[in-house]
Amino acid sequence: MLPDTLAVIPYAGTLPTGFFEVALPSGVPKPDELMLAALFAEEAERYDILFITDYAQVRLVGLFPKEGGEARFGFWESTPAATAAGQAFAALEAEARRRGCPALTGPLDFNTFQRYRLRVGAAPSWGHFDREPTNPVYYPELLKGMGFRAHLTFESRLIRPETVPTVYADKQPLLDALAALPFDFLPLNADTWPQHEAELFELVQAVFGANPAYRPVSEAQFRGLYNRTYAAGLCPYTSVLLRDHASGQLAALSLCQPNYAPLGLAANQPPTFQRDYPRLQAPTTLLAKTVGVHPSFRNRGLMNALGAYGMVHFREWYQQVIFCLMRTDNFSLHFTDGLPAETAHYALYRKEL
């Protein structure tokens, strides 16, 4: 039986009043409810959705794929009160068992294009960067106390200025080989983004489609996050697409941007490189954010080529770099293996039912 203070509300076309104002200790800004309403309306075609809250200490959304399979939880915020969190998750777990779901996974706000994962441990020296998971340090412990375990793990690695000369000495052969590669290097910025937007959507689906926890999104949802406004914040000197000479197909992408977090931009003020880069104080930090290779072009050294391309102009504009949110079993980690680095850790959690 549910506690009297706990509400479990099936999604019926509207967002529950006040739900997204409940329990925000992580400091995440209140979401834009118009954007959320559109997101929930779209995803309701794929999920049965439950809102769970006591309207004081915890909020939680249960996501049940209509085709069956494991359940997910997302949009979770909680105070440290283990009882409140435990009651909400117990209600979610009871519903998942009733539906025959084999497991619960999260936090995952529908898909990997939205917020997901938790940061594990204390905040790193850089504080946070754009779209990095940020949460109170007690969140992982709350989940562990309820029987969840880290299912997928991720890392961000900061390469400091004193290590950069070592990187260049180590990677010089890759820099020397760039010109001979049978690919066109297409710089990405606000002006060039629209030329490639349709192909970019297909490339991203192909590159990340096999990743655990990934689910395809509509082109409308993709463009809501990745568009010309987003592209205006990219670093135009290190962000690039690779196009294969022989087939004309896009083969790889690397989306990088300065770390704008020290500027404290408002949530409704997207960064632009031209306006905001000159305002950054040293040491300026490059974020290597979204990097990947199309499955048809893997095992051809293109991940290293993307890294080398970023190095061509790096020292003109930056002093250090963070390789962001790499899955710990992903090949992209190898580019920085063996280099001194500060590492932050993250996890996506799972509970077998």
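Source: prediction; values computed, not measured.
- Tyr260 meets the ring-ring contact (aromatic ring centres under 6.0 Å, His included) test with no other residue; sequence neighbours excluded.
- Not counting sequence neighbours, the partners of Phe201 by the ring-ring contact (aromatic ring centres under 6.0 Å, His included) test are Phe222.
- The residues Arg350 and Glu352 are annotated as salt-bridged, a charged nitrogen and a carboxylate oxygen being separated by less than 4.0 angstrom.
- Relative orientation of the Phe314 and Tyr168 rings is tilted, given thresholds of 30° and 60° on the angle between their planes.
- Counting only distance, with no hydrogens or angles, the side chain of Thr285 and the backbone of Ile322 share no donor-acceptor pair below 3.5 Å.
- Taking the six-membered ring where the residue is Trp, the centroids of Phe75 and Phe40 are separated by under 6.0 Å.
- Between atom CZ of residue Arg117 and atom NE2 of residue His345 there is a gap of 14.0 Å, rounded to the nearest 0.5 Å.
- Atom CG of Asp176 sits in a crowded spot, with more than 12 heavy atoms from other residues, nucleotides or ligands closer than 6.0 Å.
- The distance from the CD atom of Gln274 to the CG atom of Asn189 is 8.5 Å, given to the nearest 0.5 Å.
- In this structure, Lys289 fails the cation-pi test against Phe129, since its NZ or CZ atom is not both closer than 6.0 Å to the six-membered ring centre and inside 45 degrees of the ring normal.
- The distance from atom CD of Gln319 to atom CD of Glu162, rounded to the nearest 0.5 Å, is 12.0 Å.
- Screening residues 9-24 for side-chain hydrogen bond (donor to acceptor under 3.5 Å, both in side chains) gives Glu21-Lys30 as the qualifying pairs, with residues at least two apart or on separate chains.
- In this structure, Thr53 and Val58 approach most closely via the heavy-atom pair OG1-O, 2.7 Å.
- Using a cut-off of 4.0 Å between Lys/Arg side-chain N and Asp/Glu carboxylate O, Arg157 and Glu342 are scored as not salt-bridged.
- Under the 3.5 Å distance criterion, the side-chain polar atoms of Tyr226 are left unmatched by any main-chain donor or acceptor of Leu200.
- Between Ala150 and Ala347, the shortest heavy-atom contact is CB-CB, 3.9 Å.
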Check step by step if salt bridge (charged side-chain N to carboxylate O under 4.0 Å, His left out) holds for Glu77 and Arg115. CA-CA 12 Å; Glu77 298 288 352; Arg115 288 178 62 210; 3.7 Å; yes
When you look at Arg327 and Glu155, which way does the side chain to side chain contact (heavy atoms under 4.5 Å, CB included) test go after all the steps? CA-CA 6 Å; Arg327 208 171 72 243; Glu155 296 182 12; over 6 Å; no
Which pairs of donor and acceptor atoms, one on a side chain in residues 246-254, lie under 3.5 Å apart (sequence neighbours left out)?
from   : atom 1 : to     : atom 2 : distance (Å)
Ser247 : OG     : Asp244 : OD2    : 2.7
Ser247 : OG     : Gln249 : N      : 3.2
Gln249 : NE2    : His294 : NE2    : 3.2

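- Remark: Asp54 does not engage Arg59 in a salt bridge, criterion side-chain N to carboxylate O under 4.0 Å.
- Contact annotation: the side chain of Leu143 approaches that of Phe73 to within less than 4.5 Å [non-hydrogen atoms, C-beta and beyond].
- Environment of CD in Glu316: crowded, with over 12 heavy atoms of neighbouring residues, nucleotides or ligands closer than 6.0 Å.
- Sorted by first and then second residue, the side-chain hydrogen bond (donor to acceptor under 3.5 Å, both in side chains) pairs with a member in residues 227-240 read Asp191-Arg228; sequence neighbours excluded.
- Applying the side chain to side chain contact (heavy atoms under 4.5 Å, CB included) rule to Ala90 yields no partners; only residues at least two apart in sequence or on another chain are considered.
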